[in-house]
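Read through the structure below, which is laid out as structure tokens, and then see the notes.
Note that the structure is predicted; figures quoted are calculated from it, not measured.
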Amino acid sequence: MPERVRLHISGIVQGVGFRPALHRLAQAYALTGWCRNTVDGVELEAQGEGETLARLPRLIVEHAPPLSRIDHIRMDTVPPQQGERGFSILPSPPPGQGRALVSPDTATCALCRQELFDPKDRRFRHPFINCTDCGPRFTILRRLPYDRDNTAMSAFPMCPRCDREYHHIASRRYHAQPNCCPDCGPVLRFWDRTGEPPGEPIANAVRLLQQGGIVAVKGLGGYHLACRADAPESVAELRRRKRRDERPFALMCRDAPQAAELCYVNEQERRALESPAAPIVLLKKRPDCPEHLSETGELGILLPYTPVHHLLLREVSPLVMTSMNRSDRPVVCRTEDEGWKELADGLLKHDREIVNRCDDSLLRLFRGEPLFFRRSRGYAPATVALHRDCTGVLALGAEQKGGFAFVRGREAFLSQHIGDLKDYETEEFYVHQIDRFQHAFDLPVRLLVCDLHPDYRSTAYARERSRREGLPLIQAQHHHAHMASCMADNGLQGQCIGLVWDGTGYGTDATIWGAECLAGDYAGVKRLGSIQPIPLPGGDRCALEIGRTAHALLTLAKRQQDSRHPQGAMLSRMIASGTNAPRSSGMGRLFDGVYALLTGRQRVSYEGQGAVLLEAMAAQDVKGGYPLSFFQRGDCLTLDTGALVNALLEDGRENPVRAARFMNTLSALALAHAEYARQCTGLNRVVLSGGVFHNDYLLSRTVDTLTQGGFVPYVHRRVSPGDQGIPLGQVFIGAAQGG
Ligand code: ZN
Ligand code: ZN
Ligand code: FE
């Protein structure tokens, strides 16, 4: 007597070949029944021998396709059906009610790469080859469920051969929504400054690159500017045209062995490079790595992740691959208006619409685990699992690294990298993406959480929406949100110590904070430690004009006569009178100022550059630091910043040694703050958050120092320690304070 079960499977189970896998499984185990996408997962009814059915959940997990992620399987027994034959895949429910999770965009898989370069294959050199296991997903998605009609591929009806593959269970392209071929898919075209030359677009682009030209390449989530990495003049020209920036460029290498010629690549780093997400991985440079690529000790490298990349890189590699945006804006998508000619000598473009713009993700491996700088393409919109249900919270993030998070159940839907909301277009993109997430994924909103800063654009959005929709609004203090983010990232409940070091955040006393020792939980924290605030003459100008910060540090050290700043007298007056000289305890500013003091440099070209260069400058094997002295201000143990600066200036050693000793001193500060907080509270767990902990030297020494001090330190794993990670913390603060 056959038995019958009904299973409900949730997780990333749509658009990853899940139903075909179930179909194959049913055939292999002689089961009849059906499966279908539902609004929140996949449903399966299977009939067969009781013994097989009992093993079914385990079999499903074992045979799940590579891009899927099963979060939960529920199985119920149902009455068997008479006379059922075979197994079928039933149609999806109507659009607009999607609740299932969607896979992020996925790098071209090994089998597709083989076909791409196989002259006998009908997709030989087809720039849009993909299959059930790889290809565009989030960047082409308009709404759920994930079916071709709901993607940018709806503009490309399948030819009969593709259609057969799509419907054939044994095909690698069974139900692959972006499936296409040269007969029916998008078209790639190439233009140079004079027009559209004859010949194959890829070959034309390759020729221009080989000659040292700069080519704009339309990719998955936006445009790149590409040029030969081994041609210093081309790279210099690219920097000149992007009109800023000494920011390191990312490099695309043909494969991991080529990356290993430039940088050290360990096993975990190689795996990250070759992963389906294909992020930019920060790697330590080899001594002979060319100087013009990055001024720090590291280089960001990524591997080809679209067929177009593979076709290009096979001919010319490595390439500089930098996003086409000029400042910290989202990737530019519009090129109709010839504007590309200001930046590029050629344009390689296809006619598949980019629905969701998405930058390359950027991470470093910290002790084998990812530490995100930017969690974007390849990760969004994969959800982050939460340790408790926070349904209906919408967290709106901070400002400079804008982003947001929705929650349904125990899944947080985190936005891709958005950029600096002070830029008007970026703010529009932010609002648009909030809307798209909410509607595409059918996400509930009952509570809004934003930053405490009254002037952030995200705060303005939250206030306006709260008023318009009558939703409760909670404002979470910036560093509390950082701390909560790291707690949630690690699934921590209860009380913790938080060391949160970043550039700037609005404090509860309306001054700028950023080197905070906090203790508490999601509901609230006490501030137990900080550093003596630095007066910043000119306010935000200090972010780039680090000579001003150096002058302020000399003032704190009562040595302003040593200042080399040309307007030293004016800066001193501003500081003395407090006019336009807001006080900041931001650790980022202390780094800037110390870098400026050590080097005499007055300006940097992007915010945080001083900190990056200070880290790059530091000698690796230096022990010890400078003495710490504190003031007690109420409960708050406050570092005497001026004394630290004096010790640094009186140290006659070379800069690499002083830079290392400065950072060693900060690790000792972390320990001193944690010990004081433990004395006050009895707590032992320490979460480390804030953008300053992107600094590998500092993070690694701080983790070790805390561990030796008997603490249990936690670092970020799934979201960035920087402000892109803020929404996750805001979610939990909102849930704790707002119910
Ligand atoms: Zn594939
Ligand atoms: Zn076709
Ligand atoms: Fe921050």
Side-chain angles (χ1 to χ4, degrees), residues 266 268 284 297 364-371 479 482-483 485-487 489-492 494-502 515-520 525-531 587 590-591 594 611 614-615 618-630 632 636-641 643-644 647-648 651 653 656-717 721:
N266 68 27
Q268 288 135 339
K284 200 169 173 300
R364 183 199 288 126
L365 276 286
F366 179 73
R367 303 193 173 166
E369 301 274 348
L371 185 77
H479 303 94
H482 270 301
M483 172 180 169
S485 172
C486 192
M487 289 172 65
D489 199 337
N490 289 282
L492 303 185
Q495 302 227 322
C496 287
I497 298 167
L499 294 173
V500 184
W501 293 357
D502 67 358
E516 310 311 310
C517 173
L518 308 173
V525 284
K526 245 165 81 176
R527 188 189 196 199
L528 294 177
S530 188
I531 64 173
M587 187 60 91
L590 179 59
F591 263 90
V594 166
L614 186 100
E615 181 188 0
Q620 288 304 307
D621 44 7
V622 176
K623 295 260 179 311
Y626 304 111
L628 293 168
S629 47
F630 293 96
Q632 188 77 35
C636 189
L637 185 69
T638 307
L639 176 77
D640 182 342
T641 310
L644 172 56
L648 181 87
D651 183 353
R653 278 167 274 224
V657 177
R658 291 201 287 174
R661 286 167 62 90
F662 168 68
M663 290 191 285
N664 293 348
T665 310
L666 295 184
S667 301
L669 170 67
L671 180 65
H673 270 161
E675 279 173 339
Y676 172 72
R678 177 160 62 187
Q679 243 169 53
C680 300
T681 62
L683 297 169
N684 213 39
R685 297 182 299 183
V686 184
V687 293
L688 300 175
S689 191
V692 169
F693 286 113
H694 280 134
N695 180 321
D696 194 56
Y697 183 106
L698 185 65
L699 182 62
S700 143
R701 273 153 188 87
T702 303
V703 164
D704 291 344
T705 307
L706 289 170
T707 308
Q708 284 152 21
F711 292 94
V712 187
Y714 293 88
V715 301
H716 281 277
R717 292 300 184 211

Backbone N/O of [Y] and side chain of [X]: donor-acceptor pair under 3.5 Å:
X    : Y    : value
E516 : H479 : no
D640 : S629 : no
D489 : H716 : no
D651 : R658 : no

Which pair of non-hydrogen atoms, one from [X] and one from [Y], has the smallest distance, and what is that distance?
X    : Y    : answer
H482 : S689 : O-OG, 3.2 Å
L371 : P721 : CD1-CG, 4.0 Å
G494 : M487 : O-CE, 3.4 Å
N664 : G624 : ND2-O, 3.0 Å
A619 : Y697 : O-CE1, 3.7 Å
D502 : G690 : CB-CA, 4.0 Å

For the residue pair [X] and [Y], establish whether any side-chain heavy-atom pair is separated by less than 4.5 Å.
X    : Y    : value
C496 : L683 : no
K623 : R661 : no
L518 : L528 : no
L590 : I531 : yes
I497 : R685 : no
D696 : E615 : yes
N684 : R678 : yes
H673 : F630 : yes

Between [atom1] on residue [X] and [atom2] on residue [Y], distance to nearest 0.5 Å:
X    : Y    : atom1 : atom2 : result
L499 : L706 : CG    : CG    : 6.5 Å
N266 : L365 : CG    : CG    : 6.5 Å
L666 : L671 : CG    : CG    : 12.5 Å
C517 : L639 : SG    : CG    : 12.5 Å
C636 : Y676 : SG    : OH    : 7.5 Å
N695 : L614 : CG    : CG    : 8.0 Å

Handout entry: Carboxylate-amine/guanidinium proximity below 4.0 Å for R701 and D621
Key = no
Fill in the blank from the handout: Checking V686, L688, L698 against V703 for side chain to side chain contact (heavy atoms under 4.5 Å, CB included), the one that qualifies is L688
Practice task
In sequence, state the C-alpha distance, the side-chain angles, and the governing distance for R367 and S700, and then conclude on side-chain contact (heavy atoms from CB on, under 4.5 Å).
Solution key: CA-CA 9 Å; R367 303 193 173 166; S700 143; 3.3 Å; yes
Handout entry: Pair F662 + F591: ring centers closer than 6.0 Å
Key = yes
Exercise for the section: Could you walk me through whether Q495 and T681 pass side-chain contact (heavy atoms from CB on, under 4.5 Å), step by step? Expected result: CA-CA 9 Å; Q495 302 227 322; T681 62; 5.7 Å; no
